[in-house]
Structures are given as structure tokens and as C-alpha cells.
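Reading through the C-alpha cells given below for one structure.
Atoms within each ligand, like the ligands themselves, are counted from 1 in listed order. Just so you know, these numbers use all the heavy atoms, side chains as well, and skip hydrogens, waters and symmetry mates.
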Amino acid sequence: MYGTPQIFCSPTTLLHHLPVARPPSGSTRTMVACYPGEARGRYLRHCDTGRGAALTAILYLNRGWSAEDGGQLRLYEEGFHNTQVRADVAPLAGRLLLFWATEECPHEVLPARRDRFAMTIWCRDTARWTRPGWPTRCSDAPRWRR
Ligand SMILES: O=C(O)CCC(=O)C(=O)O
Ligand SMILES: [Fe+2]
């Protein structure tokens, strides 16, 4: 790994400080993953629905990453089977990416040509599912950029 990330608070505290209108209110689950470059590590298109989470937050840990290194996170338009690309995100050190863990945000990790490290936090949001009147879809919530 290229340097050690310095994290001064728990993942739950981190998420509660995010500038979002509806900070997640449930528990979190954290994973640090390495996709080995030698094996062209990748993760085919999926949604994070199986993780029991409402929101996925990923902190990338790769210094000096370039386009030739591959390993971008490819985000697709809404819908489990949607193959229309929304954006490719490079896993640059210090980049924090948030997206809904539902079928609104299918995604995949493209093959990496270098060892690729990422810390993922899956966040449950009980309020999102249980409070009447709260948006249950990303498209119903306030938007900053689309
Ligand atoms: O590391 C990434 O960019 C995404 C990983 C991912 O999609 C997952 O673990 O579910
Ligand atoms: Fe995922």
C-alpha cells in the first residue's frame, strides 16, 4: 500500500459529518479491499442491494494512479440491467465516493493493472425505509448534480 490512510474517527462518525440532507442513521459495515493488478482484479456489474445497505461510501487509497492503471469504478444509469454508462471514476487516493446501494446505482470495477486499494463503508439507514414521507428513491431526494 502507498502510505497509510489516517482516519481519526469511526466510519459512523465520518458519515454523520457528510454534507447530505439525510445523513444515514443506521449501523455501518466497513471493508478494505485489494484488487490484485497481476490478476487484473475486477468486479462485474452489480448493485450493493445484497449488502443490506442504503448508502455506499468508498474511500480510495491509491497514490499516483493513472488512466493506464485501469480499475475505474464504472457507474451505470438506474436499473439493475441498465448498461448505459453514467460515469467512470478513477480510484484516486483521498477520493470519497458516495452512491445509493440500491438498483439506482449499478456499478462495476474495471480490470486493474496495479494493486488497487479501497475502503468501503456500507451504511444502513433505518429512517430511509421506515419513516413515512421520507424519500425512498434517490430521484425523490434533493439533487445537487445529476
Ligand atoms: O472498490 C470499488 O470501487 C467498488 C467495490 C464494490 O463495488 C463493492 O465492493 O461492492
Ligand atoms: Fe459494489
Fill in the blank from the handout: For OD1 in Asp48 and NE2 in His107, the angle at the Fe ion (ligand 2) (nearest 10°) is 90°
Exercise for the section: Using a strict 4.0 Å threshold on nitrogen-to-oxygen distance, state whether Asp69 and Arg114 make a salt bridge. Expected result: yes
Problem - Close aromatic pair by centroid cut-off 6.0 Å: Phe99 and His107 - result: yes
Exercise for the section: Treat each ILVMFWY residue as a node, draw an edge where side-chain heavy atoms are under 4.5 Å apart, and state whether Leu75 and Ile58 are in one component. Expected result: yes
Problem - Main-chain N/O of Pro91 paired to Asn62 side chain as donor or acceptor, under 3.5 Å - result: yes
Handout entry: Six-ring centre of Tyr60, Arg95 cation under 6.0 angstrom, axis tolerance 45°
Key = no
Practice task
Check His46 and report its N/O/S atom nearest to the Fe ion (ligand 2), by atom name.
Solution key: NE2
Return a table of N or O atom pairs, ligand 1 on one side and protein on the other, at distances under 3.5 Å, rounded to 0.1 Å.
{"unit_1": "ligand 1", "atom_1": "1 (O)", "unit_2": "Arg116", "atom_2": "NH1", "d": "2.9"}
{"unit_1": "ligand 1", "atom_1": "3 (O)", "unit_2": "Tyr60", "atom_2": "OH", "d": "2.6"}
{"unit_1": "ligand 1", "atom_1": "3 (O)", "unit_2": "Arg116", "atom_2": "NH2", "d": "2.8"}
{"unit_1": "ligand 1", "atom_1": "7 (O)", "unit_2": "His46", "atom_2": "NE2", "d": "3.1"}
{"unit_1": "ligand 1", "atom_1": "7 (O)", "unit_2": "His107", "atom_2": "NE2", "d": "3.0"}
{"unit_1": "ligand 1", "atom_1": "10 (O)", "unit_2": "His46", "atom_2": "NE2", "d": "3.1"}
{"unit_1": "ligand 1", "atom_1": "10 (O)", "unit_2": "Asp48", "atom_2": "OD1", "d": "3.1"}

Practice task
Output, in order, the C-alpha distance, side-chain angles, deciding distance and verdict of salt bridge (Lys or Arg N to Asp or Glu O under 4.0 Å) for Arg42 and Glu108.
Solution key: CA-CA 8 Å; Arg42 65 182 305 179; Glu108 80 174 283; 3.3 Å; yes
Practice task
Find out whether His46 and Phe80 are in side-chain contact, i.e. whether some heavy atom of one side chain is under 4.5 Å from a heavy atom of the other.
Solution key: no
